[in-house]
Structures are given as structure tokens and as C-alpha cells.
Amino acid sequence: MVAQRLSKERRKFMKNSLTGLAGITVLPTLITPAAGSDPPVKQAASKIIYRKLGKTGLTLPIVSMGVMNSDNPDLVKAALEAGITHLDTAHGYQRGRNEEMIGQVIKGRPRDSFVLATKVPGRPYDRRTGLFSKNATAGPFLEKFETSLKRLGLDHVDILYLHSVVKKESVMFEPFLNAMLKLKKDGKVRFIGVSTHSNEPEVVRAAADSKVHDVVLTAYNFLQPHREEVKNAIAHAAQAGLGIVAMKTQAGVYWDRERQKMINMSAALKWVLNDENVHTSIPGITTFDQLKLNLSVMADLNMSPQENKDLEHGPKVGRSGIYCQQCGTCVAQCKEKIDIPTMMRSYMYAYGYKNFRQAKETLGAENFHTSLCRDCHSCQVNCTMGFNVQQKIMDIARIISVPDDFLG
């Protein structure tokens, strides 16, 4: 019954939204690139806004699909059929099931009709310093990548990111960098890059200045207190020829923990994409309504007075907000040296994305326990986002003791 309902939703979406969007022409059509550039990719017609992904030569719609929170193959199929050509996943999403699901969707499709990116983390990694262990080797990294290829059913991916880098030293960490360059040389990866959720300006600039990376995937949104620094770093990287992909574009989806006040999703996405140095974005898409909204943004980046007004609420969010900029300044203030950025990322997965399994897995990987912060009579952390850190940690720590069966 569930499969029938999802299939029915997909048929309804394709009938209604594509008809309604006929004026912007979203159905794919084959575009042949110039001589010497990449193989052709099936792309939407010219009314959709396209940008070239830096020196890669790939031309992509400005909106791609972040698949992390999606477990519906019909939704991914609908996105591809509607003109989205770039899918972004990672080795660890849904414990590998995300890559497996995508593998089933793309099975049998022409390899030049989609662009696939995945991410593999480097380990061991100290979250408190943002640096890889000096004893880290490329072996486990390469094994994870090979597993990802098998899940996807591919002999190569278009983009491989070293996942969640926060320091310039980690961008150039030789064991992982050399491993990625070898994969590229062997034809298993077309382009390499790094992804970053925090300290973005430093990481983006390091990737650009390295002269070896092709793409960077960076958090970028209207809620970041340091958004101007991120914007300047992106401009520097784009000028250097780096492909720029934006994530966390909608800053946690909701203003509040109770999920009563939703951020204006189209306005938030337009805010990012009005920066022409951003070549494409990967907002998470989990429903057909979200897909329809993102398709509309692909053709029109003009912001209405109301959309601009809706985003002005951002600086006033304070303690009740969901999006954490992952700056890490809180860690040194905490007498217990809790990895607060990871706690806040889990909080966003649970209360913003309603992805409780991902929230628990994020905490489980760091061996957190349910009693965090309960023994502190007062919290010394002064969050740059204005969060009540102690309350948020106690809220999200409860999920650690919830059986997986209850998480969906």
C-alpha cells in the first residue's frame, strides 16, 4: 500500500507540476557540449538557469538534489525526469542505504544523463582540533569509496568530496589528497573536492589555493553571522576556477524547535543563488512539494518584497533557533569540553529535518551519553547564534536511549 501511494504521488506530481511549469520548460533535452569538453549531459531546456561548475566544464541547473534525507526512489526519479541532473549523497547517509537507493534509480539510465557526487570522511579525526590524526592512512578511506561505488552500481563518480573538513591543514592532508588524486588518475573519479560545514572561509580559500581541487561544497545561507566572509571566500574560489556548490541553504528549515514557524524556503534558496559565484545548490528534497518549489526557483531568482521581509527575521531568532553555524568557539568555553557543534548538528537533523535516525547516528558515532549537561547548575557557553546550549543539548541527548525501531 505504501509503495502504491508513493507511486500515485509521483504520477500526480509529474502531471500537475510539470504542466503548471510548462512555461519554464523543465523536461530534459540533450545538449551537446563544445568540442574537447565533457560528454553530453541530459539537461533541462534553456529557460532554466544554468551555470558552469568552475573549471570542470560541467554545466548544471542552479538547483540540484541533496538526497541525504530522502528514502523515496520515486522522488529521485521525478527529480531526474523534471530536469535536475545532479544528485548529491555520501557514504554514511542512512548507513549506506541512500547510495543503494540511488543506485537502483540510476540503474539502466545513460551515464551521461546525470552527475553523481558522493562524500567519504577521513578518519581518524579529532573534532576538537579539526585535524586528522598523524597516523591516519588512506586504506580505510579507499575501502569506503569502493563500497560506495558498489552500492551505486557505477565504475566512477563525477565528484568525490573529502567530507566535513574544517581546517586548511586538513584540506591538504597528504594521505587522503593523494588517494583522491590516484582515484582521479585511475578514472574512478572525475573531479575531487572537499565539503565543509564550519570555518568555511578558511577551507574554501585553502581548496582554491591548492590548485589541485576541482570543487568545494560549502554551507552558505542568510542566517550565517559570518555570511559576508563566506561570500568573499566563494568569490575568491570562483575566480580561481573552483566549482562552488552550496549546501545548508535553507538553514534548518524551521525557525523554531516546535516546527511551527517555517523559514521561507524559496526566499532562502534564492538568497544563496543570487550570488552568481555559486554554481549550483543541493537543498535537501524529501517531498514532492519541496521538489516543485525548487523547480520554480530554478527559473526565477527574483525576490519579492515579501520574500526579502521574510528573511529579515533571521538576526532575531536567538535562543529558539535551529541552525548552528558550527563555528566551534563554544567548545573552549565548555568546562566538560563537549563537542557542542556535533550536538547542534544532531539537533538540527531532529528538530529541523525530522530525521531522527540521522540525529541518533550522529551522536552515536561520538559516544555521547544521555546525562550531558544535567549536572551543570549554569552554562558558561556564550553561543554566537544566541542558543540556549545547555537546554538544546539536554533535549537532543534523550535520543541516544531511543531504540532504533522507533526512529523509522
Side-chain angles (χ1 to χ4, degrees), residues 90-93 95-96 117-149 157 159-186 188-189 191-219 229-230 233 236-237 240 242 247 324-346 361-369 372:
H91 177 85
Y93 290 169
R95 296 184 179 178
T118 194
K119 302 180 282 292
V120 176
R123 294 288 188 270
Y125 168 72
D126 186 341
R127 289 189 179 277
R128 290 166 179 79
T129 65
L131 301 174
F132 297 117
S133 167
K134 293 180 180 179
N135 298 323
T137 63
F141 178 89
L142 291 170
E143 289 175 7
K144 289 178 180 177
F145 174 73
E146 292 294 341
T147 298
S148 290
L149 277 186
V157 298
I159 304 170
L160 172 63
Y161 298 106
L162 177 60
H163 197 19
S164 198
V165 175
V166 300
K167 291 288 186 179
K168 60 183 179 182
E169 292 87 352
S170 296
V171 172
M172 297 303 295
F173 188 69
E174 287 191 4
F176 299 138
L177 181 58
N178 289 339
M180 296 174 77
L181 288 171
K182 184 177 188 305
L183 290 172
K184 186 176 180 180
K185 181 179 179 181
D186 293 344
K188 294 184 176 183
V189 172
F191 307 109
I192 64 171
V194 294
S195 70
T196 178
H197 301 82
S198 63
N199 197 25
E200 302 93 346
E202 178 179 309
V203 173
V204 171
R205 288 180 181 276
D209 296 343
S210 73
K211 308 300 183 185
V212 294
H213 292 87
D214 305 297
V215 188
V216 66
L217 170 60
T218 181
E229 296 175 47
V230 179
H236 170 78
L242 208 64
M247 63 174 167
C324 168
Q325 68 162 323
Q326 302 282 295
C327 65
T329 57
C330 52
V331 177
Q333 301 175 41
C334 175
K335 65 180 182 180
E336 300 297 329
K337 296 296 184 286
I338 296 171
D339 184 359
I340 297 172
T342 296
M343 300 295 297
M344 294 301 101
R345 194 167 73 253
S346 175
E361 289 176 358
T362 299
L363 297 188
E366 302 300 325
N367 296 314
F368 289 117
H369 53 85
L372 287 172

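Note: hydrogens, waters and symmetry copies are ignored here, and every other heavy atom, side chains too, is used.
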Identify each donor-acceptor pair in which a side-chain atom of residues 203-212 lies under 3.5 Å from a protein atom, sequence neighbours left out, and give them as a table.
residue: Asp209; atom: OD1; partner: His236; partner atom: NE2; Å: 2.8
residue: Ser210; atom: OG; partner: Ala207; partner atom: O; Å: 2.7
residue: Ser210; atom: OG; partner: Val212; partner atom: N; Å: 3.2
residue: Ser210; atom: OG; partner: His213; partner atom: N; Å: 3.3
residue: Ser210; atom: OG; partner: His213; partner atom: ND1; Å: 2.7

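Here the shortest heavy-atom pairing between Pro341 and Gly328 reads CG-CA, 3.9 Å. Between Met180 and Leu162, the closest heavy-atom pair is CE-N, 3.6 Å.
Exactly one residue among Ser170, Pro124, Pro121 makes a side-chain contact (heavy atoms from CB on, under 4.5 Å) with Phe132. That residue is Ser170.
With hydrogens and angles disregarded, a donor-acceptor distance shorter than 3.5 Å links the side chain of Gln333 to the backbone of Thr329. Side chain of Ser346 to backbone of Thr362: no donor-acceptor contact under 3.5 angstrom is found. In this structure a side-chain-to-backbone donor-acceptor pair under 3.5 Å is missing from Gln326 to His197. With Ser195 contributing its side chain and Ser164 its backbone, the two residues share a donor-acceptor pair below 3.5 Å. Formation of a donor-acceptor pair under 3.5 Å by the Glu202 side chain with backbone atoms of Lys168 is found in this model. At least one donor-acceptor pair under 3.5 Å links the side chain of Asn199 to the backbone N or O of Val166. The closest donor-acceptor contact from the side chain of His91 to the backbone of Lys144 lies under 3.5 Å.
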* To do: Evaluate the criterion side-chain contact (heavy atoms from CB on, under 4.5 Å) for residue pair Leu131 and Lys167; output intermediate values, then yes/no.
  => CA-CA 7 Å; Leu131 301 174; Lys167 291 288 186 179; 3.9 Å; yes

Worksheet item: Do Thr118 and Tyr161 pass the side-chain contact (heavy atoms from CB on, under 4.5 Å) test, and can you show the C-alpha distance, the side-chain angles, and the key distance before you say yes or no?
Response: CA-CA 6 Å; Thr118 194; Tyr161 298 106; over 6 Å; no

- Task: Walk me through it: do Leu183 and Val157 pass the test side-chain contact (heavy atoms from CB on, under 4.5 Å)?
- Result: CA-CA 10 Å; Leu183 290 172; Val157 298; over 6 Å; no

Do Ile338 and Val331 pass the side-chain contact (heavy atoms from CB on, under 4.5 Å) test, and can you show the C-alpha distance, the side-chain angles, and the key distance before you say yes or no? CA-CA 6 Å; Ile338 296 171; Val331 177; over 6 Å; no

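Taking the six-membered ring for Trp and thresholds of 30 and 60 degrees, Phe141 and Phe176 have ring planes inclined between 30 and 60 degrees apart.
Salt bridge annotation for Arg95-Glu361: present, with a cationic side-chain nitrogen under 4.0 angstrom from a carboxylate oxygen.
Separating the OG1 atom in Thr196 from the CE atom in Met247 is a distance of 6.5 Å, to the nearest 0.5 Å. The SG atom of Cys330 lies 11.0 Å from the NZ atom of Lys337; values are rounded to the nearest 0.5 Å.
Screening residues 171-185 for side chain to side chain donor-acceptor pair (under 3.5 Å) gives Lys182-Asp186, Lys184-Asp214 as the qualifying pairs, with residues at least two apart or on separate chains.
In this structure, the side chains of Glu200 and Val230 come closer than 4.5 Å at one or more pairs of heavy atoms. Between Lys119 and Leu160 the shortest side-chain heavy-atom distance does not fall below 4.5 Å.
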